[in-house]
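Below is one structure, written out as structure tokens, with a few remarks after it.
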Amino acid sequence: MPPRRPRGESIIPMINVVFLLLIFFLLTAQIARPTPFALTPPDSRSDQPAPVQDVLFLSAEGELAWNEARGDAVWPLIRAAAGDAPVQIRADAATPATVVATHLAHLRRIAPGGAQLVVNGG
């Protein structure tokens with residue numbers, strides 16, 4: 001009878017570990033909607049992250065986006081969807097402050113919870 005060749009190490013335990021790591025990273029990842037256009041939010045010194053919710057995006061050119069709506073079509077949708085939580089605005093850092101202030105004021109009038117400007121932590 002010919003001598004038996006030694007069996008190599010099984011890779012099943014390594015596959016199990018990789019699979020468990022994959023599940024762990026998928027469950028702990030924060031999945032967010034992509035922004036409708038490129039934004040560079042202004043910086044902040046606060047350590048508290050903003051809670052996840054529907055967001056009003058404001059581009060450097062003043063373009064508005066809320067979910068799938070664009071332009072002035074966002075206002076009726078925000079009015080219908082706004083609850084007690086403040087509506088978040090993610091504006092580009094290059095957006096003029098007067099444009100941001102105008103939209104914040106409009107949000108305060110139509111949303112019962114008011115408005116929050118989301119900025120980068122720093």
Side-chain angles (χ1 to χ4, degrees):
M1 179 184 248
R4 261 189 173 183
R5 290 191 341 202
R7 283 181 54 186
E9 292 292 323
S10 173
I11 64 166
I12 303 250
M14 184 176 70
I15 293 171
N16 288 341
V17 169
V18 170
F19 182 69
L20 289 173
L21 285 172
L22 177 67
I23 291 174
F24 172 77
F25 287 119
L26 285 174
L27 291 176
T28 59
Q30 180 179 0
I31 300 173
R33 280 187 229 147
T35 60
F37 32 73
L39 291 178
T40 306
D43 293 327
S44 168
R45 301 278 184 238
S46 176
D47 293 333
Q48 296 178 337
V52 177
Q53 62 191 42
D54 286 333
V55 176
L56 175 64
F57 293 95
L58 180 58
S59 73
E61 294 79 30
E63 181 184 357
L64 293 170
W66 171 272
N67 296 334
E68 303 303 317
R70 301 292 182 268
D72 287 334
V74 303
W75 300 119
L77 297 174
I78 292 172
R79 182 177 285 126
D84 291 337
V87 175
Q88 292 183 353
I89 295 182
R90 289 186 186 264
D92 192 278
T95 307
T98 55
V99 173
V100 175
T102 301
H103 292 307
L104 280 169
H106 189 70
L107 276 174
R108 279 194 296 272
R109 287 192 301 272
I110 67 169
Q116 282 181 333
L117 179 61
V118 179
V119 295
N120 279 338

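Along the sequence shown, the residues carry numbers beginning at 1.
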Please output the side-chain donor-acceptor pairs of residues 55-67 that fall under 3.5 Å, not counting sequence neighbours, one pair per line with the distance.
residue	atom	partner	partner atom	Å
Ser59	OG	Glu61	N	3.3
Ser59	OG	Glu61	OE1	3.4
Ser59	OG	Gly62	N	3.4
Ser59	OG	Glu63	N	2.9
Asn67	OD1	Arg33	NH1	2.5

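The CD1 atom of Ile89 sits 4.0 Å away from the CG atom of Leu104 when rounded to the nearest 0.5 Å. Atom CG of residue Leu22 and atom CG of residue Leu27 lie 9.5 Å apart, to the nearest 0.5 angstrom.
Shortest non-hydrogen contact noted between Val87 and Ala111 is CG2-CB, 3.8 Å. Scanning both residues, Ala69 and Val74, for their nearest heavy atoms gives O-CG1, 3.7 Å. Of all heavy-atom pairs between Ala91 and Val100, the closest is CB-CG2, 4.0 Å. Across all their heavy atoms, Ile78 and Ile110 have their closest contact at CG2-CD1, 3.9 Å.
Judged as a side chain to side chain contact (heavy atoms under 4.5 Å, CB included), and not counting sequence neighbours, the contacts of Ala105 are Arg108, Arg109. Remark: Leu21 pairs with Val17, Phe25 by the side chain to side chain contact (heavy atoms under 4.5 Å, CB included) rule, at least two apart or across chains.
Contact of the Phe19 side chain with the Ile23 side chain is registered, since non-hydrogen atoms from C-beta on lie closer than 4.5 Å.
Sparse packing is recorded around CD1 of Ile11, with 12 or fewer heavy atoms of other residues, nucleotides or ligands lying under 6.0 Å away.
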